[in-house]
Amino acid sequence: MDYELNLDWQSFMESHWQKRPLLIKGGFRDFRDTISPDELAGLAMEDDVSSRMVTRFDGKWDVRHGPFQDFDDLGEKDWSILVQAVNHWHFPSAALMKPFRCLSDWRADDLMISYSVPGGGVGPHLDQYDVFIIQGQGRRHWRVGEKIPMKQHCPHPDLLQVAPFDAIIDDEMVPGDILYIPPGFPHEGYAIEESLNYSVGFRAPNARELFSGFADYVIANDLGSYRYSDPDLSFRDNPALIQQGELTKLHRMMQDLLDQPAVFRQWFGEYISQSRHELDLAQPEPPYTPEDIQALMAQGESLFRLNGLRVLRVGDTCFVNGEELKTPHIEAADVLCQYDEVSADMLGDALHDPQFVILLTALINSGYWYFDD
Ligand code: SIN
Ligand code: CO
């Protein structure tokens, strides 16, 4: 199913994206849930799926992590289950990410879905991410406060909350309403009726993550083996003092590694195309041969991209799940980046190059693309 968003993107980007929260009443007209509470609970019972349950019984917050065995004895009030990256595991739900593809793919993270019974919620908190919270079935009371410096505390070791805040948005969301919240704006939602909420999250890396990812790349690729040297070392009065000129040289050494655009680009492509959430990889058995792929494509079969797979382009290089797509066929590789359904026509001449077909076969045999059978 295709979901059409009732939103003026231009004015949204100018006035709200990363700036101000916005409640989009009727953002999806005639919204239909993509998943049932039972199916969501089923996902929360699976090993590969990340899920948690947040309860507030007798005023005491508690968090439990999935996979869950059962959901008995929970009662009818004050609990919520939240399932991460549902777009990876549940095909119809993945369609909800598509209307947001006019924002950049590399910033998109996942679709989290929560099910709450009346009173259920995770409490007042901040997120570091941009999020579009779509109201599915039921009604939920949502409040958003101003972005001001706020102390965070943990009423439970796995739950970060903020103190009560004054609301700048205070509304009852009904199915199809969408609440956009930029990073750092406190918010809280409490179900009035049994509710489903769909959170389309956009993630921005912090400098710490970038440094750590870059350091991993430097190590894995044996970069930066050059060593500090000081043939001009001079006698000094204070042997304990590291001189400013020495510090500058050390700093420069580290900066030189970062200052190589080709290295930076390659690293970032590999780094950012890795998914932070498990993929539902199913490798075809027996594997396809390049001849199979050529024949199937020639018969008009389309290739579908695995939901959640990150396929991104940096300059003239395309990256899939942490690896460069090594091919001179930039246009065909770009088609794989841009479209989640690809036909032979779209790949054009590349399909006549045996090397490209071998590459495509490897991608399909990895479970990254598949034929709809
Ligand atoms: C929820 O769906 O209950 C949590 C969404 C959020 O506040 O980020
Ligand atoms: Co939140």
Side-chain angles (χ1 to χ4, degrees), residues 18 21-24 27 31 33-35 37 40-41 43-44 49-56 61-66 74 77-87 90 93 96-97 100 108-147 150 152-156 158-165 167-204 276-277:
Q18 292 253 300
L22 177 67
L23 176 59
I24 309 158
F31 182 79
D33 282 289
T34 60
I35 196 166
L40 190 70
L43 281 177
V49 180
S50 162
S51 60
R52 69 207 151 104
M53 173 178 304
V54 180
T55 59
R56 191 194 192 180
W61 290 99
D62 193 19
V63 181
R64 287 198 289 139
H65 295 274
L74 278 165
K77 278 179 63 190
D78 303 335
W79 61 268
S80 228
I81 43 174
L82 304 98
V83 184
Q84 218 63 52
V86 178
N87 56 314
H90 189 255
S93 295
L96 266 185
M97 301 276 291
F100 298 92
D109 190 16
D110 72 332
L111 175 75
M112 190 275 285
I113 306 184
S114 67
Y115 168 73
S116 314
V117 296
V122 300
H125 68 281
L126 307 173
D127 291 313
Q128 296 309 320
Y129 313 140
D130 298 88
V131 65
F132 294 87
I133 302 177
I134 304 157
Q135 181 69 38
Q137 74 165 62
R139 290 176 302 138
R140 206 165 183 203
H141 180 188
W142 279 95
R143 298 178 71 251
V144 184
E146 193 57 78
K147 182 178 181 172
M150 286 182 119
Q152 302 189 85
H153 66 276
C154 295
H156 177 279
D158 293 338
L159 199 61
L160 203 54
Q161 292 188 345
V162 294
F165 54 84
I168 51 173
I169 291 178
D170 189 329
D171 216 315
E172 200 178 287
M173 282 174 56
V174 298
D177 290 349
I178 304 172
L179 178 60
Y180 165 71
I181 310 172
F185 285 81
H187 55 280
E188 60 182 345
Y190 295 100
I192 299 166
E193 299 165 344
E194 284 178 41
S195 277
L196 282 170
N197 277 95
Y198 302 77
S199 293
V200 179
F202 286 81
R203 196 169 189 282
R276 296 196 323 117
H277 312 278

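Order of appearance sets the numbers: ligands from 1, and atoms from 1 within every ligand. These numbers come from a predicted model, not from an experiment.
Side-chain N or O atoms of Ser93 include none that pairs as donor or acceptor with a backbone N or O of Asn87 at under 3.5 Å. Checking side-chain atoms of Gln135 against main-chain N and O of Gln137 turns up a donor-acceptor pair under 3.5 Å. Of the possible donor and acceptor atoms, one in the side chain of Tyr180 sits under 3.5 Å from a partner among the backbone N and O of Gln18. Of the possible donor and acceptor atoms, one in the side chain of Arg143 sits under 3.5 Å from a partner among the backbone N and O of Phe165.
Ring-plane geometry between Phe132 and Phe202 is classed as perpendicular, the angle between the planes exceeding 60 degrees on a 0 to 90 degree scale with a lower cut at 30.
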(request) Would you please test Ile35 and Tyr198 for side chain to side chain contact (heavy atoms under 4.5 Å, CB included) and show each step? (result) CA-CA 10 Å; Ile35 196 166; Tyr198 302 77; 4.0 Å; yes
Show every donor-acceptor pair shorter than 3.5 Å between a side-chain atom in residues 114-122 and any protein atom, with sequence neighbours excluded, or say none if there are none.
unit_1	atom_1	unit_2	atom_2	d
Tyr115	OH	Glu194	OE1	2.7
Ser116	OG	Ser80	OG	2.6
Ser116	OG	Arg140	NH2	3.3

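In terms of the side chain to side chain donor-acceptor pair (under 3.5 Å) criterion, residue partners of Arg276 (sequence neighbours excluded) are, by chain and number, Asp109.
For the side chain to side chain donor-acceptor pair (under 3.5 Å) with Asp158, the qualifying choice from His65, Arg64, Arg52 is His65, the only one to do so.
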What does the contact table look like for ligand 1 (nitrogen or oxygen on each side, cut-off under 3.5 Å)?
unit_1	atom_1	unit_2	atom_2	d
ligand 1	2 (O)	Ser114	OG	2.7
ligand 1	2 (O)	Arg140	NH1	3.4
ligand 1	3 (O)	Arg140	NH1	3.0
ligand 1	3 (O)	Arg140	NH2	3.1
ligand 1	7 (O)	His125	NE2	3.1
ligand 1	7 (O)	His187	NE2	3.2
ligand 1	8 (O)	Asp127	OD2	3.2

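If you look at the Co ion (ligand 2), the protein N, O or S atoms less than 2.8 Å from it are His125 NE2, Asp127 OD2, His187 NE2.
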